[in-house]
Amino acid sequence: MTVDKPHVVVVGAGIVGASIAWHLATKHNVSVTVVAPDVGGTATPNSFAWLNANFNNSRPYFDVRHRSMAHWQELINEVPGLTEIARWSGNVQWQQDEADLAFHIQQHSSWGYKTERIPNDEVLRREPWLAESSLPAWGWVASLPEEGSIEPALAAKKMIEHAQVHGAAVRRETVERLLIKDSKVSGIVTASGSITADNVILAAGLGTVPLAAAVGIAVPVNSRPGLIVHSKPVSTRLLNGLAISNGPHMRQTAEGRVISGRHYSGGKPTTDPEAEADDFFAKVKAMFRSELDGVPLPPLELDFYTVGYRPDPQDGLPILGDSGKPGLTLAVMHSGVTLAAFVGQTVADLVATGNKDKALDQFSLSRFSKE
Ligand SMILES: Cc1cc2nc3c(=O)[nH]c(=O)nc-3n(C[C@H](O)[C@H](O)[C@H](O)COP(=O)(O)OP(=O)(O)OC[C@H]3O[C@@H](n4cnc5c(N)ncnc54)[C@H](O)[C@@H]3O)c2cc1C
């Protein structure tokens with residue numbers, strides 16, 4: 001006698017939905033359907049995609065981020081096509097002032113994160129195209145060699161493709177609402193009909209909020225915009241790793257683009273985001289020297305910019321796991337690129353086997369009702 005496998009629907013095909021679907025399809029005995037109008041996500045393609053456990057951390061949150069970085073290293077070896085788009089390049093950082101940076105180094109190294117001071121001249125040995133004038137006047141920065149980046153929308157696509165090789169189905173549709181039967185979520189409804197499921201996982205970024213609200217679940221997530229400017233690709237390696245300055249945050253992508261992000265100073269884009277992108281890109285260019293050993297800086301031209309909206313839970317921490325309604329699981333967060341590896345592994349385990357990783361306790365939706 002054959003027993004049907006449980007069927008799990010993952011709503012969302014950004015980095016988070018992709019990782020959950022990949023873990024379900026490759027590590028568990030369940031059947032998986034990913035439902036989203038795109039493959040690659042909404043916030044995901046507009047992300048800076050820095051893999052880090054670097055700041056704004058409580059100790060338990062740091063541990064999860066650090067664990068996710070370690071699991072990313074495993075995924076990069078397991079998912080075909082990820083080695084070409086991930087770089088564990090390390091980071092030189094002087095985002096904070098001198099006292100905060102010193103505290104940051106001391107705290108994170110005491111937690112087992114590789115973090116040290118390096119003098120400006122060592123930075124220039126590692127990143128020779130950086131202008132000396134862009135480095136901090138106090139003469140040193142933090143070096144964080146464990147950190148890296150990944151091209152996030154491509155990574156999501158690669159994970160979904162590999163999940164499909166392992167039997168996952170993909171439906172390029174928008175979920176209009178959740179199906180409810182006997183007070184339990186029993187599937188989803190799209191324009192072409194309904195799909196029943198033993199469990200529905202909402203990994204729909206900001207799209208999680210209205211879908212959950214329609215079945216009476218408040219998911220407290222704000223949307224926080226961020227600008228990323230992308231240069232045209234250059235063949236010269238202008239940045240070997242990440243450079244997180246007190247101005248632009250920068251890295252060079254796998255295809256040679258210098259990309260850089262910043263928060264909007266007023267919290268949202270101005271009425272002229274294009275002018276703002278031009279102005280910011282000029283600041284990015286000023287981070288580099290005009291020539292190195294007689295070789296001029298290759299022309300750095302703005303190709304395009306994106307304004308992405310972070311799914312930002314109210315207290316800054318992910319919302320993961322039980323929604324309070326049987327059959328419905330939540331996975332929504334900022335820092336989703338860093339966290340996708342951990343989230344994919346633990347949420348897939350939870351849904352497929354019922355085993356709840358202890359680390360998920362801090363991220364339950366129910367924490368908001370205790371306030
Ligand atoms: C400017 C910026 C910089 C960032 N920098 C970093 C960084 O350096 N490091 C880091 O770790 N994180 C960073 N983030 C955050 C990170 O990008 C996000 O946390 C992550 O991309 C969220 O991924 P996701 O898959 O949850 O959501 P998304 O990528 O938004 O994907 C949501 C998916 O759900 C689908 N969906 C939505 N509604 C429905 C519906 N009704 N039916 C079907 N499908 C639906 C969408 O189509 C999409 O496929 C940054 C974000 C921004 C905007």
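Side chains included, hydrogens not; waters and symmetry mates left out as well; all remaining heavy atoms used. Just so you know, ligand 1 is whichever comes first in the structure, and atom 1 is the first atom listed for that ligand.
The distance from ligand 1 to the heavy atoms of V35 drops below 4.0 Å at these ligand atoms: 43 (C), 44 (N). Of all atoms in ligand 1, listed by their number and element, those nearer than 4.0 Å to a heavy atom of T338 are 10 (C), 11 (O). Atoms of ligand 1 lying under 4.0 Å from any heavy atom of V16, numbered from 1 in the order shown and given with element: 23 (O), 24 (P), 25 (O), 26 (O). Those atoms of ligand 1 that come under 4.0 Å of a heavy atom in D38, given as number and element, are 46 (C), 47 (O), 48 (C), 49 (O). Ligand 1 places these atoms under 4.0 Å from at least one heavy atom of A36: 43 (C), 44 (N), 49 (O). Taking every non-hydrogen atom of N46 and a distance limit under 4.0 Å, the qualifying atoms of ligand 1 come out as 1 (C), 2 (C), 52 (C), 53 (C). The ligand atoms of ligand 1 that sit less than 4.0 angstrom from a heavy atom of P37 are 43 (C), 44 (N), 47 (O). Under a 4.0 Å criterion applied to the non-hydrogen atoms of M333, ligand 1 contributes the atoms 19 (O).
Side-chain heavy atoms closer than 4.5 Å link hydrophobic residues (I, L, V, M, F, W, Y) into clusters, and following such links, even through other members, never connects V30 to I188. In the hydrophobic clustering of this structure, L242 does not group with Y113; members are Ile, Leu, Val, Met, Phe, Trp, Tyr whose side-chain heavy atoms approach within less than 4.5 Å, directly or through other members. F48 and L154 are members of different hydrophobic clusters when ILVMFWY side chains are connected at heavy-atom separations under 4.5 Å.
Looking from atom 12 (N) of ligand 1 to the surrounding protein, the closest heavy atom is S335 CA, 3.3 Å. Of all protein heavy atoms, the one closest to atom 27 (O) of ligand 1 is G205 CA, 3.8 Å. Closest protein heavy atom to atom 39 (C) of ligand 1: A204 CB, 4.2 Å. Among protein heavy atoms, the minimum distance from atom 3 (C) of ligand 1 is reached at F48 N, 3.4 Å. Considering only non-hydrogen protein atoms, atom 50 (C) of ligand 1 sits nearest to S47 OG, 3.3 Å. V175 O, 3.0 Å is the protein heavy atom nearest to atom 41 (N) of ligand 1. In terms of protein heavy atoms, atom 29 (O) of ligand 1 is closest to T44 OG1, 2.5 Å. Residue, atom and distance of the protein heavy atom nearest to atom 31 (O) of ligand 1 are T42 N, 3.4 Å.
At under 3.5 Å, not a single nitrogen or oxygen of I228, backbone or side chain, sits near a nitrogen or oxygen of ligand 1. Residue N52 has no N or O atom closer than 3.5 Å to an N or O atom of ligand 1. At least one N or O atom of V337 sits closer than 3.5 Å to an N or O atom of ligand 1. For ligand 1, one of its N or O atoms has an N or O atom of A13 under 3.5 Å away. The shortest N or O to N or O distance between W50 and ligand 1 is below 3.5 Å. Between G308 and ligand 1, no N or O atom pair is found at a separation short of 3.5 Å.
Checked against the 6.0 Å centroid threshold, W111 and F62 count as a close aromatic pair. The distance between the ring centers of H108 and H66 does not fall below 6.0 angstrom. Here F304 and H230 bring their ring centres to under 6.0 angstrom of each other.
Between E151 and R251, at least one side-chain N (NZ, or NE/NH1/NH2) sits under 4.0 Å from a carboxylate O, which counts as a salt bridge. Between R67 and D357 there is a salt bridge, with a side-chain nitrogen of the basic residue lying less than 4.0 Å from a carboxylate oxygen of the acidic one. Taking 4.0 Å as the cut-off between side-chain N and carboxylate O, K27 and E78 count as a salt-bridged pair.
Evaluated by nearest non-hydrogen atom to atom 18 (C) of ligand 1, the leading choice among A331, G12, G336, A49 is G336. Between R310, H334, R171, it is H334 that holds the heavy atom closest to atom 15 (C) of ligand 1.
Using modelled atom types, one side-chain atom of Q252 and one backbone atom of L239 make a donor-acceptor pair closer than 3.5 Å. Under the 3.5 Å distance criterion, the side-chain polar atoms of D315 are matched with a main-chain donor or acceptor of L317. Judged by distance alone, the side chain of S19 and the main-chain N or O of V16 form no donor-acceptor pair under 3.5 Å.
Within the structure, the closest approach of E173 to ligand 1 falls below 4.0 Å when heavy atoms are considered.
Ring geometry for Y61 versus F363: interplanar angle over 60°, hence perpendicular rather than tilted (30 to 60°).
In E176, neither the side chain nor the backbone holds a heavy atom less than 4.0 Å from any atom of ligand 1. Residue-level proximity to ligand 1 for L211 is carried by the side chain, the only part with a heavy atom below 4.0 angstrom.
Side-chain polar atoms of N199 and T329 form a donor-acceptor pair below 3.5 angstrom.
The only option from N246, N120, V123 that meets the side-chain contact (heavy atoms from CB on, under 4.5 Å) definition with P136 turns out to be N120.
Between S223 and R310, every side-chain heavy-atom pair lies at or beyond the 4.5 Å cut-off.
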